Amino acid sequence: MANHKIIIAIDGFSSCGKSTLARELAAKLGYNYIDSGAMYRAITLYFLRNRVDYTDAAQTHEALGNITLTFELNEENHRSEIHLNDENVESCIRDMIVSEKVSEVAALREVRAFAVAQQQQMGEKKGIVMDGRDIGTAVFPKAELKIFMTAAPEVRVMRRFKEMYATNHHITMDEVRHNLELRDYIDSTRDESPLRQAEDAVLLDNSGLTREEQLKMAIEWAKSRAKKKAV
Ligand code: DC
């Protein structure tokens, strides 16, 4: 019964702590963790580096044909990291230059179809925790457990600021706040799979919760869904 693997979809606004929870939950359950946002970021990085005009459908189509995305285990930190055409790009996909464009790129229908097809393939064997914006609504609408995460705006700004300040001492809170607000707006108002809470998702507001508290809640939800599945 304990071996019954399920799919866990975690969606929510930017910088709610989705990836921290998803990674820790996957490790506890012995599941694979996939950061779907990293895929949109790596595609954006490719477009920027190769000066792809992604407002042009033909250029976008051609560029996607030259992109291979894989997740590889980093033996040093034991994390699964994204590779763009065999190059580990984990350290550059969170730069502001990528963050400023990623929501526009992720709103494109062809880009979404490209990413979603690969995400669905990764979930074929179940035993996966994936975080993003449309995992419970579009990628895995039948996921056994869906969690929709949210947190107070200032908590989110502070989290992302700390994360970015670690590698860029010139970043300001205002820049981070502006980028988060803009991305949330684009992500939740776009035509293609906008960010929204799936009807059957559990809402998790983690503004006042510790990492351990949220993880404990998520493990309990996962265990009870896996048990239900096994009955
Ligand atoms: O989770 P993140 O901030 O790294 O995601 C980067 C962007 O990618 C985000 O602004 C919206 C987009 N995204 C998406 O549209 N669908 C997903 N499943 C994941 C991310």
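In each ligand, atom 1 is the first atom listed, and ligand 1 is the first ligand listed. Please read these numbers as outputs of a predicted model, since none were measured by experiment.
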Could you tell me whether the side chains of [X] and [Y] share a donor-acceptor contact shorter than 3.5 Å?
{"X": "Gln59", "Y": "Asp53", "result": "no"}
{"X": "Arg133", "Y": "Ser14", "result": "yes"}
{"X": "Ser99", "Y": "Arg41", "result": "yes"}

Would you say ligand 1 has an N or O under 3.5 Å from any N or O of [X]?
{"X": "Arg190", "result": "yes"}
{"X": "Arg41", "result": "yes"}
{"X": "Asp131", "result": "no"}
{"X": "Asp187", "result": "yes"}
{"X": "Asp134", "result": "yes"}

Ligand 1 versus Ile135, non-hydrogen atoms closer than 4.0 Å: side chain, backbone, both, neither? side chain

Proximity to ligand 1 by part of Arg133, non-hydrogen separation under 4.0 Å: both

To the nearest 0.5 Å, what is the distance between [atom1] on [X] and [atom2] on [Y]?
{"X": "Ser80", "Y": "Asp35", "atom1": "OG", "atom2": "CG", "answer": "8.0 Å"}
{"X": "Thr137", "Y": "Asp200", "atom1": "OG1", "atom2": "CG", "answer": "10.0 Å"}
{"X": "Tyr185", "Y": "Arg190", "atom1": "OH", "atom2": "CZ", "answer": "13.5 Å"}

Looking at ligand 1, is there an atom of it that comes within less than 4.0 Å of some heavy atom belonging to Arg112? yes

Identify the protein heavy atom lying closest to atom 7 (C) of ligand 1, giving its residue, its atom name and the separation to 0.1 Å. Val102 CG2, 3.6 Å

List the closest protein heavy-atom neighbour of atom 3 (O) of ligand 1: residue, atom name, distance to the nearest 0.1 Å. Arg183 NH1, 2.9 Å

Donor-acceptor pair, Tyr31 side chain versus Ile6 backbone, under 3.5 Å? yes

Near [X], which atoms of ligand 1 are under 4.0 Å from a heavy atom of that residue?
{"X": "Tyr40", "value": "8 (O), 13 (N), 14 (C), 16 (N), 17 (C), 18 (N), 19 (C), 20 (C)"}
{"X": "Gly132", "value": "17 (C), 18 (N), 19 (C)"}
{"X": "Gly37", "value": "4 (O), 5 (O), 19 (C), 20 (C)"}
{"X": "Ser103", "value": "10 (O)"}

For atom CE of Met158, decide whether the heavy atoms of other residues, nucleotides or ligands shown that lie under 6.0 angstrom number more than 12. no

Evaluating non-hydrogen atoms only, which member of Ser36, Ser188, Ala106 is closest to atom 12 (C) of ligand 1? Ala106

For Tyr54 and Phe47, take the angle between the two ring planes, folded into 0 to 90°, and tell me which bin it lands in: parallel under 30, tilted 30 to 60, perpendicular over 60. parallel

Side chain to side chain contact (heavy atoms under 4.5 Å, CB included) with Met149: which of Leu203, Asp205, Ile10, Val202? Ile10

